[in-house]
Q: 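This is the structure I want to talk about, given as structure tokens.
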There are 2 protein chains.
Amino acid sequence: MNIGEIARRAGVSRSTVSYALSGKRPVTEETRRRIQAVIDELDYRPNAAARALKEGRTRTLGLVIPPASLRLTDMQLGFVASVVEAAAHADLDVLLSPSGGDHDRSFERVVSGRRVDGVILMEIRLEDARVARLQQAGLPFVTIGHTANPHGTCWVDVDYATLIARCVHHLADLGHRDIALINRSAELVAAGYGPAHRALEGFAEAVAQRGLTSTALTCGDDAPAGETCIERLREDHPEITAAVTVNEAALPGIQRGLERAGVSVPRDFSIAGVAARHWAEDFRPQLTAADVPTLEMGTSAVDLLLERIAAPDAPVRHLLLTPPISLRASTGPVPIR
Amino acid sequence: MNIGEIARRAGVSRSTVSYALSGKRPVTEETRRRIQAVIDELDYRPNAAARALKEGRTRTLGLVIPPASLRLTDMQLGFVASVVEAAAHADLDVLLSPSGGDHDRSFERVVSGRRVDGVILMEIRLEDARVARLQQAGLPFVTIGHTANPHGTCWVDVDYATLIARCVHHLADLGHRDIALINRSAELVAAGYGPAHRALEGFAEAVAQRGLTSTALTCGDDAPAGETCIERLREDHPEITAAVTVNEAALPGIQRGLERAGVSVPRDFSIAGVAARHWAEDFRPQLTAADVPTLEMGTSAVDLLLERIAAPDAPVRHLLLTPPISLRASTGPVPIR
DNA sequence: TTGTATGCGTTATCAT
DNA sequence: ATGATAACGCATACAA
């Protein structure tokens with residue numbers, strides 16, 4: 001079914017049908033109704049490809065996700081969900097591109113086939129080839145997370161450094177003097193994954209400020225790794241009385257490891273961190289943590305992207321969020337020796 | 001950048017460029033190289049919209065997911081990941097459509113705007129308006145899960161009835177005579193969600209066959225609901241010594257509830273079910289369960305869909321998977337009273 | 001082996 | 001207020 005057929009049946013020209021639909025020029029109520037009747041009857045919808053070709057825009061956003069074979073974390077999933085939601089709200093569709101390596105077919109299709117009006121990139125590395133590629137292609141984009149040199153790009157991120165620092169200060173205030181950081185996986189750190197590096201920065205700075213002794217560990221992004229990590233921590237650093245973490249996926253394992261070691265939280269050991277609310281609330285006892293506002297971040301990313309598409313030459317904007325730390329039940333005064 | 005510009009710079013006609021790219025007719029090696037040089041230099045890629053308009057296909061698949069605001073379950077996420085992966089492997093892009101209600105804008109855009117060559121539908125209800133809509137629109141589609149009347153549609157599903165029945169038989173073999181089913185949420189049951197209904201069927205049939213006494217409970221799809229459910233179960237039915245479940249998201253809560261009640265698994269209580277491997281292995285002790293093969297299902301769904309797109313009039317095909325039950329550590333002989 | 005011409009379905013410009 | 005027509009970028013039937 002195409003617009004010509006509608007026009008024929010309604011006894012008008014194609015342009016009249018087009019204008020009746022868009023309202024961009026006045027159409028007699030009478031003919032408008034006749035056209036609408038035909039459209040309803042035949043269930044006509046403009047062909048998206050033809051419209052995209054003519055208008056030069058696709059009404060579609062690209063969302064670049066980590067390679068699908070890797071299990072997405074809850075946080076990543078939260079971004080996907082909120083981006084899709086926000087896009088749907090603006091009557092935009094979302095094209096998914098699983099892209100990991102630097103020269104990815106799907107990514108290239110999206111970028112250079114002009115299949116989308118703009119792109120949202122997540123899981124940004126400090127040095128990220130995809131960012132460079134998008135800049136070169138001149139395609140509007142917004143990143144969730146930011147690169148080492150963030151001034152030229154449009155992004156939204158959580159201030160991991162500040163949040164982890166706040167957690168450290170909170171624990172120091174409670175009297176803890178020996179604190180561990182349970183970071184993301186060694187692979188992510190090696191790959192220059194921003195949140196892992198910034199968490200470490202914030203940790204180091206706060207620890208130095210307060211004159212604490214500390215140790216920083218990497219930990220795989222899953223429950224078994226969390227359990228192992230706690231075992232190692234208890235063994236190698238028995239003096240440690242508190243930990244901060246940005247590794248939400250390890251939390252169930254951390255909990256299990258502490259339970260198995262007979263460590264009571266927060267009586268014997270305190271823990272705080274940054275995690276999606278879901279993970280924090282499922283922790284036992286519930287985790288004192290800054291809740292990553294995935295919904296707000298995804299929504300903001302779409303908003304920023306739409307602005308950028310509308311005005312590609314406007315100065316870039318950033319959004320660095322510092323959500324409050326929700327005081328729950330996993331932190332308490334340092335145990336008396 | 002368009003094909004005409006490439007042709008101009010290479011000193012050939014547009015069709016020659018097109019044929020050089022598609023290989024659908026011979027092109028002298030010399031001119032082919034000259035064209036390729038220009039293409040490489042300008043980083044040209046055919047415009048997807050123009051190609052879609054001309055060819056009548058978009059090289060894009062639609063994936064209809066539950067409304068993004070609801071948190072996707074691990075299993076749903078597994079489907080999304082494997083579908084995206086399989087599609088990427090076939091050089092196809094995936095357009096996401098979050099669709100819950102019956103008249104959804106995003107869904108309608110995808111279906112009637114011809115934005116995709118075919119659709120994969122998940123979270124199927126026994127009666128599903130979206131299935132009817134797709135049939136009416138004549139758009140090829142495959143469902144993950146199947147409706148009450150599955151003969152006219154192409155689908156891939158797990159045989160929940162058989163799997164749950166097998167779990168019941170396994171427990172009966174171990175001497176259990178009083179068994180509970182922990183089903184999905186009451187809302188899903190009320191909405192006619194297939195897996196919930198088929199689990200109940202299989203449960204009822206096996207229980208009847210073995211002459212067991214039983215009770216069937218619904219339980220919200222999250223940890224707290226699982227905990228509550230176990231409390232209720234222990235209180236109302238203290239005689240129950242085993243449970244089967246299809247509610248993976250409730251597993252952490254079920255585990256916590258059993259621990260809090262001082263119930264040792266499998267010494268005092270056995271539990272088995274159907275769950276993504278991840279959930280089964282994170283359960284303590286590890287859960288005896290049929291592992292839902294999300295990867296295989298997503299891949300198969302894409303395969304079926306591609307077949308269907310290639311031959312829309314071929315007879316429909318189904319895939320009803322019955323993965324083996326992995327014997328882990330959560331089931332044991334009935335406790336002696 | 002290569003070039004020319006046409007049409008895919010829309011929207012926008014120009015003319016009426 | 002409406003109609004005719006061009007143009008978007010590509011693929012292909014047809015011509016040379």
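Here is the naming used below: chain letters follow the sequence lines, and residue numbers restart at 1 for every chain.
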Q: Just call it for B:Thr28: base, sugar-phosphate, or nothing, with non-hydrogen atoms closer than 4.0 Å on any strand.
A: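 Result for B:Thr28 = sugar-phosphate.
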Q: Determine, for A:Glu29 against A:Arg32, whether the closest basic-nitrogen to carboxylate-oxygen distance falls under 4.0 angstrom.
A: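 Judged by the 4.0 Å cut-off on N to carboxylate O distance, A:Glu29 and A:Arg32 do form a salt bridge.
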Q: Kindly determine whether A:Ser106 and A:Ser97 satisfy side-chain hydrogen bond (donor to acceptor under 3.5 Å, both in side chains), including the steps that lead there.
A: CA-CA 6 Å; A:Ser106 162; A:Ser97 169; 2.8 Å; yes
Q: Would you classify B:Thr31 as touching base, sugar-phosphate or nothing, given that sugar-phosphate means primed atoms plus P, OP1 and OP2, and contacts are heavy atoms under 4.0 Å?
A: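 Result for B:Thr31 = sugar-phosphate.
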Q: Do you know the tightest heavy-atom contact between B:Arg115 and B:Thr58?
A: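 Scanning both residues completely, I find the closest heavy atoms to be O-OG1, 3.4 Å.
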Q: Please figure out whether A:Tyr19 or A:Asn2 has its closest DNA chain C nucleotide nearer the 5' end.
A: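 Result: A:Asn2.
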Q: Judged by each residue's nearest nucleotide on DNA chain C, which is more toward the 5′ side, A:Met1 or B:Thr16?
A: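 Checking each residue's closest nucleotide, the 5'-ward one belongs to B:Thr16.
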Q: Please determine whether side chain to side chain contact (heavy atoms under 4.5 Å, CB included) holds for the pair B:Arg59 and B:Arg51, giving the CA-CA distance in whole Å, both sets of side-chain angles, and the decisive distance to 0.1 Å.
A: CA-CA 10 Å; B:Arg59 299 163 190 270; B:Arg51 174 183 284 188; 3.6 Å; yes
Q: Between which nucleotides of DNA chain C, 5' to 3', does chain B make heavy-atom contacts below 4.0 Å?
A: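 On DNA chain C, the outermost contacted nucleotides are C:dT1 to C:dG9.
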Q: Working to the nearest 0.5 angstrom, can you tell me the gap between A:Ser18 OG and A:Lys24 NZ?
A: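 Spacing of OG (A:Ser18) from NZ (A:Lys24) equals 8.0 Å.
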Q: Would you call the rings of A:His318 and A:Trp155 parallel, tilted or perpendicular if under 30° counts as parallel and over 60° as perpendicular?
A: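 Judged by the thresholds at 30° and 60°, the geometry between A:His318 and A:Trp155 is parallel.
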Q: Which comes earlier along DNA chain D counting from the 5' end, the contact point of A:Ser15 or that of B:Arg14, where each point is its nearest nucleotide?
A: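 Here A:Ser15 is the residue nearer the 5' end.
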Q: Answer yes or no: is there an ion pair linking B:Arg109 with A:Asp91, defined by an N-O contact shorter than 4.0 Å?
A: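 Judged by the 4.0 Å cut-off on N to carboxylate O distance, B:Arg109 and A:Asp91 do form a salt bridge.
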Q: Around atom CD of B:Glu127, are there more than 12 heavy atoms of other residues, nucleotides or ligands at under 6.0 Å?
A: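 Check fails, neighbour count at 12 or below.
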Q: Between which nucleotides of DNA chain D, read 5' to 3', does contact with chain A run, using atoms under 4.0 Å from its heavy atoms?
A: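 Range of nucleotides touched by chain A: D:dA1 to D:dG9.
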